[in-house]
Amino acid sequence: MKYLRHARNNELTDRRSAATDAKTALLTAYRAAKTAAEPSQATRQAERISLVEAREARRAERDRLKHEERTRVETLAAQEQAATEAAAAAEIEARQAAENARISRVVQDEAARKVERDRRYAARKARQA
């Protein structure tokens, strides 16, 4: 009678049923805790949403300030570039004016020398005649 058809090993069966009961109890406790935590979970979720919104607002403000600073720097650079170009143009114009004045003086001096030479030539011819 070694092999009985309905022989039960009470120790194994007891352990299996105890494990099943324990798992059922844990699952029931988890569901109860989850249901009890619903209001606090909703408040935590609302807090998280408000934190995310505040973070996004700060990021948008930083981006706006960076954009304003970049625009200001670009405007200053454009103004400096325009001032540099204006100064270069003024310097070129001053050099051109100085060159024109020098050429004018040279032409006037040459004309004055020619007039003086012609006067001396005329005086010499008048003395010879």
Side-chain angles (χ1 to χ4, degrees):
M1 305 237 357
K2 254 176 151 176
Y3 301 106
L4 293 175
R5 179 171 252 185
H6 296 291
R8 294 181 55 159
N9 183 349
N10 284 335
E11 293 176 7
L12 180 60
T13 307
D14 290 341
R15 283 190 304 223
R16 281 185 180 171
S17 65
T20 304
D21 292 343
K23 286 181 184 177
T24 306
L26 282 174
L27 185 58
T28 306
Y30 171 75
R31 287 182 181 153
K34 187 176 178 183
T35 305
E38 283 294 326
S40 63
Q41 183 180 5
T43 56
R44 283 196 311 264
Q45 184 67 20
E47 289 174 1
R48 288 181 188 136
I49 290 173
S50 65
L51 287 174
V52 167
E53 290 173 350
R55 186 180 308 127
E56 287 296 318
R58 289 191 305 267
R59 186 191 56 75
E61 180 65 16
R62 277 195 312 270
D63 290 347
R64 185 186 63 79
L65 290 175
K66 284 180 184 179
H67 178 67
E68 288 177 359
E69 179 66 17
R70 188 179 313 118
T71 304
R72 186 184 67 79
V73 167
E74 289 172 356
T75 303
L76 285 176
Q79 289 174 349
E80 289 176 4
Q81 180 69 22
T84 303
E85 290 174 359
E91 183 178 345
I92 290 171
E93 189 175 317
R95 286 181 184 176
Q96 188 65 35
E99 182 67 18
N100 289 343
R102 187 182 67 77
I103 290 171
S104 175
R105 281 194 312 273
V106 167
V107 168
Q108 287 175 353
D109 289 348
E110 189 65 33
R113 280 195 294 272
K114 184 177 180 185
V115 166
E116 180 61 24
R117 188 186 68 217
D118 290 346
R119 186 193 61 76
R120 284 194 315 260
Y121 180 76
R124 188 171 61 235
K125 287 293 183 182
R127 279 192 309 255
Q128 289 176 357

Practice problem: Take Glu11 and Arg15, measure what salt bridge (Lys or Arg N to Asp or Glu O under 4.0 Å) needs, and give me the verdict at the end. | Solution: CA-CA 6 Å; Glu11 293 176 7; Arg15 283 190 304 223; 5.1 Å; no
I'd like to check the salt bridge (charged side-chain N to carboxylate O under 4.0 Å, His left out) partners of [X]; sequence neighbours left out, ordered by chain and number.
X	value
Glu56	Arg59
Arg64	Glu61, Glu68
Glu99	Arg102
Glu53	none

Exercise. Kindly indicate whether the side chain of Leu65, heavy atoms from C-beta on, has any atom under 4.5 Å from the side chain of Glu69.
Key: no
Quiz item: Are side-chain heavy atoms of His67 and Asp63 found at a separation under 4.5 Å?
Solution: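 No - every pair of side-chain heavy atoms lies 4.5 Å or more apart.
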Quiz item: Linking Ile, Leu, Val, Met, Phe, Trp and Tyr through side-chain heavy atoms less than 4.5 Å apart, which residues share a cluster with Ile92?
Solution: none
Quiz prompt | With sequence neighbours excluded, residues passing side-chain contact (heavy atoms from CB on, under 4.5 Å) with Ser17 | solution =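 Partners of Ser17 by the side-chain contact (heavy atoms from CB on, under 4.5 Å) criterion come out as none, since no residue qualifies.
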Quiz item: Can you name the residues that form a side-chain contact (heavy atoms from CB on, under 4.5 Å) with Leu26, not counting sequence neighbours?
Solution: none
Exercise. Flag yes if more than 12 heavy atoms outside Arg44 fall under 6.0 Å of its CZ atom; otherwise flag no.
Key: yes
Practice problem: Hey, could you give me each pair passing salt bridge (charged side-chain N to carboxylate O under 4.0 Å, His left out) that has a residue in residues 104-114? Not counting sequence neighbours. | Solution: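 Residue pairs with at least one partner in residues 104-114: Glu110-Arg113.
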Self-check item: Separation of Gln45 CD from Ser40 OG (nearest 0.5 Å)
Solution: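 Taking OG in Ser40 and CD in Gln45, the distance rounds to 11.5 Å.
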Suppose we screen for side-chain hydrogen bond (donor to acceptor under 3.5 Å, both in side chains). Which residues come up paired with [X], at least two apart in sequence or across chains?
X	value
Glu74	none
Glu80	none
Gln128	none
Glu116	Arg119

